[in-house]
Amino acid sequence: MARKIIIDTDPGQDDAVAILLALASPELEVLGLTAVAGNVPLPLTARNARQICELAGRSDIRVFAGCDRPMKRELRTAEHVHGKTGLNGYDLPDPQTPLQDTHAVDFLIDTLRAEPPGSITLCPIGPLTNIGTALRRAPDIAGRIAEIVLMGGAYFQVGNVTPAAEFNIYVDPEAAEIVFKSGIKLTVMPLDVTHKALTSRARIEAFRDLGTAVGAAVAGWTDFFERFDIGKYGSEGAPLHDPTVIAYLLRPEIFAGRFVNVEIETLSDLTRGMTVADWWGVTDRAANATFMSDIDAESYFALLTERLARL
Ligand code: BDR
Ligand code: CA
């Protein structure tokens, strides 16, 4: 039986590839996409999510708009990385599918209450505002979530949006704190993982060589945002962050990490949104997250190419 997932997302080119990977994978049943403000404001993430589903020929996937700003902070966006629309690099037609009327937070709560406990995995790949708000409003859902597998945080890589913090956690640290303190089974794909799986010319051309609209879109998007990371890090390519979450559901054996304590810094202006991971076990704080550190990059890109070819 396919594993039921909800993808909480702020597309974003790498979010788009994550969504496409999920839609291409029969092991997963996508119950819906919940859009959140992040890389770009909510009206754009909610629009982009529908465009991506339509690109995959899956206008049946329901898209719910969620929170338009973090729980306690001003929204910080990332057009400098993702472009004005969030999906710069390959233009998609206007979406034909309407947004769902229900707010994403209500959809999350209602669905988790309606489905059998332990049957739904949440896959957040943006700021954690929708999930944090749902847990705050309906604490009973915590015990009904099978697992949360998220992209966010960093330990050895420390930060990308500030010297100390990764974007998704930085944008809404209060929401992240709720998630990390929830007691829900948590698996984290931090920058430490994603920076070990960089794009390369050959990997991007493999997408383009699929000869499909999906292949052209993914190649166009990765080409676009690559320029930012290459300029910043002087690396050969760019990390493709968010699809690691979906790849983990499909091929957990290509990842390695440790079950450790991870706390979120919410008080300091200097290190706001830092994921303080007790990697070396120097405290007696209880472990609460499987914090990944390694990925077999060849297998990851092979999986992406093989799956995207199915769309
Ligand atoms: C994360 O931030 C966003 O810009 C990406 O989509 C990814 O989810 C990486 O820090
Ligand atoms: Ca994202």
Side-chain angles (χ1 to χ4, degrees), residues 6-22 33-42 44-49 51-52 63 66-67 70 75-89 104 122-131 148-173 175-176 179 187-199 218 221-222 224-229 231-233 235 237-248 264 272-275 291-292 295:
I6 297 172
I7 304 178
D8 187 68
T9 176
D10 64 337
Q13 294 91 347
D14 61 325
D15 300 72
V17 181
I19 293 164
L20 292 171
L21 176 61
L33 302 184
T34 50
V36 69
N39 286 323
V40 287
L42 183 69
L44 284 171
T45 61
R47 172 191 154 92
N48 294 350
Q51 288 177 304
I52 295 157
V63 176
C67 301
L75 175 64
R76 160 96 183 247
T77 53
E79 286 87 355
H80 62 296
V81 182
H82 299 275
K84 216 171 156 49
T85 70
L87 286 183
N88 287 47
L122 301 185
C123 301
I125 52 178
L128 288 157
T129 318
N130 287 341
I131 313 291
I148 295 180
V149 184
L150 67 87
M151 191 279 137
Y155 179 66
F156 294 97
Q157 282 283 336
V158 197
N160 60 358
V161 67
T162 73
E166 179 280 329
F167 180 80
N168 289 341
I169 307 296
Y170 175 82
V171 170
D172 198 339
V179 170
T187 300
V188 180
M189 296 294 163
L191 297 180
D192 307 314
V193 166
T194 65
H195 280 249
K196 287 179 181 155
L198 303 183
T199 55
V218 171
W221 288 328
T222 41
F224 177 85
F225 76 73
E226 212 192 39
R227 91 219 175 288
F228 175 79
D229 284 298
K232 178 175 167 192
Y233 297 105
S235 50
L240 203 46
H241 306 282
D242 292 338
T244 57
V245 164
I246 306 299
Y248 173 75
I264 309 296
R272 156 186 167 190
M274 187 171 194
T275 44
F291 204 77
M292 294 298 177
I295 179 171

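Each ligand, and each atom within it, is numbered from 1 in the order the structure gives. Along the sequence shown, residues are numbered consecutively beginning with 1. Model, not experiment: these values are computed from the prediction.
Put simply, CG on Asn48 and CG on Leu87 are 4.0 Å apart, with the number rounded to the nearest 0.5 Å. Atom CG of Asn88 is separated from atom CD of Gln13 by 6.5 Å, given to the nearest 0.5 angstrom.
Ring geometry, Phe228 versus His80: the interplanar angle exceeds 60°, so the pair is classed perpendicular (tilted spans 30 to 60°). Relative orientation of the His195 and His241 rings is tilted, given thresholds of 30° and 60° on the angle between their planes.
In this structure, the side chains of Val17 and Asp14 stay at 4.5 Å or more apart for every pair of heavy atoms. Taking the side chain as every heavy atom from C-beta outward, Met292 and Thr187 approach each other to under 4.5 Å.
Remark: the Asp10 side chain and the Thr45 side chain contain no N/O donor-acceptor pair separated by less than 3.5 Å.
Among residues two or more places apart in sequence or in another chain, the side chain to side chain donor-acceptor pair (under 3.5 Å) test is passed with Glu166 by none. In this structure, the salt bridge (Lys or Arg N to Asp or Glu O under 4.0 Å) partners of Arg47, at least two apart in sequence or on a different chain, are Asp94.
Ligand 1 lies under 4.0 Å from heavy atoms of Asp14, Asp15, Asn39, His82, Ile125, Met151, Asn160, Glu166, Phe167, Asn168, His241, Asp242.
For the Ca ion (ligand 2), the count of nearby protein N/O/S atoms, taking only those under 3.0 Å, is 5.
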